[in-house]
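Whatever order the structure lists ligands and atoms in, that order sets their numbers, starting from 1. Remember, it's a predicted structure, so these values are computed and weren't measured experimentally. Heavy-atom basis, side chains included; hydrogens, waters and symmetry copies ignored.
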Amino acid sequence: MRLFVAMELPEELLEALSETSAALRDSVRGRYVAPDRFHVTLAFLGEVEGSRLPALVEALDEACQYHEPIPLALGELGSFGRRRSAVLWQAVDGGEALPSLAADVRAALRRAGFAFDEKPLVPHVTLMRAADLAGGILPSPALAGGTAGTVTLFSSDLSGAHPVYTPLERFFLG
Ligand code: 2AM
């Protein structure tokens with residue numbers, strides 16, 4: 001199965017992200033991410049054998065147990081990739097706590113022998129894919145703050161028209 005580890009977001013952030021996404025609809029063409037799939041990825045593992053799930057859960061449990069819930073604030077819009085086919089996202093600021101949690105999650109994965117995408121963490125919530133940014137001016141994003149207390153192991157099923165993310169296990173902070 002295809003797996004990734006992410007933070008689910010508090011209601012205040014989800015509402016503001018939905019507002020930003022709605023404002024973008026008027027100015028940017030591309031594929032919108034449905035609000036029920038908004039999350040902040042901490043580590044992307046890709047394909048993992050189902051038989052390795054218990055070891056993975058144990059590693060994540062260990063990484064999360066010493067972390068407290070994290071105050072998060074939404075920031076500016078940013079993008080990855082090409083101007084005419086970009087991943088468009090809104091930044092998430094969790095101070096030192098968020099990179100520290102991600103670093104501990106990644107270290108625990110490494111110790112347990114799980115490979116993951118080693119790109120440096122850029123904390124963000126993806127709002128659009130294949131976004132055409134060549135056209136107009138982007139709207140100002142809606143801002144909000146709130147506390148996130150859950151790290152979730154998700155499976156990602158890409159076989160249908162839209163990705164389906166399924167929470168497999170939740171790890172509560174604090
Ligand atoms: P994103 O964080 O920019 O949205 C499931 O695919 C999630 O893992 C998405 O949130 C995706 O991008 C993130 N992700 C991180 N690295 C990835 C990679 N190398 N391939 C696919 N998805 C990746």
Side-chain angles (χ1 to χ4, degrees), residues 1-10 13-14 16-22 24-25 28-50 52-53 56-57 59-60 63-64 70 72-94 97-110 112-133 138 141-142 144 146 148 150-171:
M1 55 187 90
R2 190 173 191 268
L3 301 179
F4 66 100
V5 180
M7 291 204 88
E8 294 180 87
L9 298 168
L13 269 73
L14 292 176
L17 288 159
S18 299
E19 234 179 88
T20 304
S21 176
L24 285 169
R25 271 169 203 272
V28 183
R29 266 175 315 172
R31 288 202 315 276
Y32 287 84
V33 175
D36 63 358
R37 291 198 284 272
F38 290 157
H39 61 267
V40 179
T41 302
L42 300 178
F44 179 82
L45 291 101
E47 282 302 321
V48 173
E49 284 286 332
R52 299 185 73 203
L53 262 185
L56 178 55
V57 167
L60 293 173
C64 292
I70 300 180
L72 299 177
L74 292 176
E76 293 307 308
L77 295 177
S79 64
F80 297 137
R82 290 172 290 142
R83 215 165 120 70
R84 288 201 172 271
S85 183
V87 171
L88 181 61
W89 44 262
Q90 188 163 359
V92 176
D93 182 3
L98 187 55
S100 160
L101 173 64
D104 283 354
V105 163
R106 290 173 174 212
L109 292 177
R110 222 173 265 126
F114 289 95
F116 55 89
D117 186 331
E118 298 267 2
K119 279 201 288 292
L121 179 77
V122 179
H124 68 275
V125 178
T126 296
L127 299 176
M128 290 184 73
R129 298 183 195 281
D132 183 353
L133 303 179
L138 295 178
T150 320
V151 170
T152 305
L153 173 64
F154 282 100
S155 69
S156 160
D157 177 1
L158 301 182
S159 61
H162 300 286
V164 176
Y165 301 149
T166 306
L168 299 181
E169 192 83 33
R170 290 194 168 92
F171 306 89

Can you name the ring-ring contact (aromatic ring centres under 6.0 Å, His included) partners of F44, sequence neighbours left out?
none
Do you know the tightest heavy-atom contact between V28 and Y32?
O-OH, 2.6 Å
List, one per line, each side-chain donor-acceptor pair under 3.5 Å for residues 81-88, sequence neighbours excluded.
unit_1: R84; atom_1: NH1; unit_2: D132; atom_2: OD2; d: 3.3

Report all side-chain donor-acceptor pairs from residues 34-41 shorter than 3.5 Å, counting only partners two or more places apart or in another chain.
unit_1: R37; atom_1: NH1; unit_2: P163; atom_2: O; d: 3.4
unit_1: H39; atom_1: ND1; unit_2: R37; atom_2: O; d: 2.7
unit_1: H39; atom_1: NE2; unit_2: T41; atom_2: OG1; d: 3.3

First-shell residues of ligand 1 [heavy atom, distance under 4.0 Å]:
R2, F4, H39, T41, F44, D117, H124, T126, R129, Y165
Please examine the side chains of V125 and L13, heavy atoms only from C-beta on, and report whether any two atoms are closer than 4.5 Å.
no
E47, CD: over 12 other non-hydrogen atoms inside 6.0 angstrom
yes
